[in-house]
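Working notes, structure below.
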Amino acid sequence: MAVCVYPGTFDPITCGHLDIIQRAAPLFEKMIILVGKNSAKSPFFTVEERVDFAQRVTAHLPNTEVDTFDGLLVHYVQRIQAHVIVRGLRALSDYDYEYQMASTNHTLCPNIETIFLMTALQYAFLSSSIVREIGRNGESLSGMVPEPILYDVTTRLAQNKSQNR
Ligand code: ADP
């Protein structure tokens with residue numbers, strides 16, 4: 001059994017992300033949910049919020065941990081002596097980017113493998129950007145954002161809308 005790393009921006013973490021975590025975590029001794037600081041992407045939620053959300057929705061999964069990283073993912077994976085990166089694949093549209101990332105990481109570090117889980121059908125069209133868009137426009141995020149953070153995510157996105165008026 002090995003340690004795996006599930007990296008992402010998680011801006012915010014969605015039911016689609018949680019589905020991948022719940023299915024992948026039992027396959028490993030430990031799973032690290034790795035929140036990318038990703039200043040290039042200018043996330044809406046702060047890194048502290050994204051970490052807090054990820055911790056709250058995975059509190060029931062004892063072999064998961066949440067951490068942050070900046071820079072190259074393979075450097076983090078090497079540093080903790082892990083060998084597996086987990087990613088979720090939604091539609092064919094994810095494939096090109098994921099193939100490029102996995103190939104790059106494998107070229108940089110041939111002993112690191114990327115493993116893909118297919119998304120559950122009901123989350124195939126769910127993304128953090130769709131969640132942000134729906135939330136900013138005042139629609140319910142129920143079923144898209146995990147229950148423990150539903151109120152906080154909804155409130156933050158709604159506040160942002162009123163600030164932008
Ligand atoms: P990134 O900015 O690295 O793409 P994301 O937070 O958008 O980070 O996604 C992290 C991982 O979760 C990626 O592998 C992505 O394909 C996967 N993912 C995103 N949304 C879903 C979903 N609805 N179902 C399954 N996997 C998903």
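What you see below is based on every heavy atom in this structure, not just the backbone, and it leaves out hydrogens, waters and symmetry mates. Ligands are counted one by one from 1 in listed order, and the atoms in each one are counted from 1 as well. In this text the structure is predicted, and so the values were computed from the model without any measurement.
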Show every donor-acceptor pair shorter than 3.5 Å between a side-chain atom in residues 115-124 and any protein atom, with sequence neighbours excluded, or say none if there are none.
none

Handout entry: Test: Arg79 cationic atom under 6.0 Å from Phe69 six-membered ring centre, within 45° of axis
Key = no

Practice task
Just jot down the ligand 1 atoms closer than 4.0 angstrom to any heavy atom of Thr119, in number order.
Solution key: 22 (C), 24 (N), 25 (C)

Handout entry: atom 20 (N) of ligand 1: the protein heavy-atom neighbour that sits closest, reported with distance to 0.1 Å
Key = Arg90 NH1, 3.3 Å

Handout entry: hydrophobic_cluster_shared for Tyr6 and Met101, side chain cutoff 4.5 Å
Key = no

Practice task
Report yes or no: do Phe53 and Ile130 belong to one cluster of Ile/Leu/Val/Met/Phe/Trp/Tyr joined by side chain heavy-atom distances under 4.5 Å?
Solution key: yes

Handout entry: contact_flag Pro7 ligand 1 heavy-atom lt 4.0 Å
Key = yes

Problem - Atoms of ligand 1, numbered as shown, that sit under 4.0 Å from any heavy atom of Glu98 - result: 14 (O), 16 (O)

Exercise for the section: Check whether any heavy atom of Thr14 sits under 4.0 Å from an atom of ligand 1. Expected result: no

Exercise for the section: Provide, to 0.1 Å, the distance between atom 12 (O) of ligand 1 and the closest protein heavy atom, together with that atom's residue and name. Expected result: Tyr6 OH, 2.7 Å

Exercise for the section: Would you tell me which option among Gly88, Ser127, Pro12 has the nearest heavy-atom contact to atom 14 (O) of ligand 1? Expected result: Gly88

Exercise for the section: Report yes if the side chains of Leu18 and Ile13 come closer than 4.5 Å at any heavy-atom pair, otherwise no. Expected result: no

Problem - Min side-chain heavy-atom separation Ile80-Asp67 under 4.5 Å - result: no

Handout entry: Nearest candidate to atom 3 (O) of ligand 1, where distance is taken over non-hydrogen atoms, out of Met144, Arg87, Arg23
Key = Arg87

Completion exercise
ligand 1 atoms nearer than 4.0 angstrom to some heavy atom of Phe10 are 6 (O)

Problem - ligand 1 atoms in contact with Gly16 (distance to a heavy atom under 4.0 Å) - result: 22 (C), 23 (N), 24 (N), 25 (C)

Problem - Nitrogen or oxygen atoms of Gly8 and ligand 1 under 3.5 Å apart - result: no

Completion exercise
for atom 8 (O) of ligand 1, nearest protein heavy atom and its distance come out as Thr9 N, 3.1 Å

Exercise for the section: Taking Arg87 for its side chain and Pro7 for its backbone only, find out whether a donor-acceptor pair lies under 3.5 Å. Expected result: yes

Exercise for the section: Identify whether the distance between the nearest side-chain nitrogen and carboxylate oxygen of Arg56 and Asp52 falls below 4.0 Å. Expected result: yes

Handout entry: ILVMFWY network linking Leu89 to Leu27, side-chain heavy atoms under 4.5 angstrom
Key = no

Practice task
Identify the protein heavy atom lying closest to atom 7 (O) of ligand 1, giving its residue, its atom name and the separation to 0.1 Å.
Solution key: His17 NE2, 4.2 Å

Handout entry: Closest approach of any protein heavy atom to atom 2 (O) of ligand 1, naming residue and atom
Key = Lys41 NZ, 2.4 Å

Practice task
Answer whether the closest heavy-atom distance between the side chains of Leu34 and Leu73 falls below 4.5 Å.
Solution key: yes

Practice task
Using a 4.0 Å heavy-atom threshold (strictly under), name the region of Ile20 that reaches ligand 1: side chain, backbone, both or neither.
Solution key: side chain

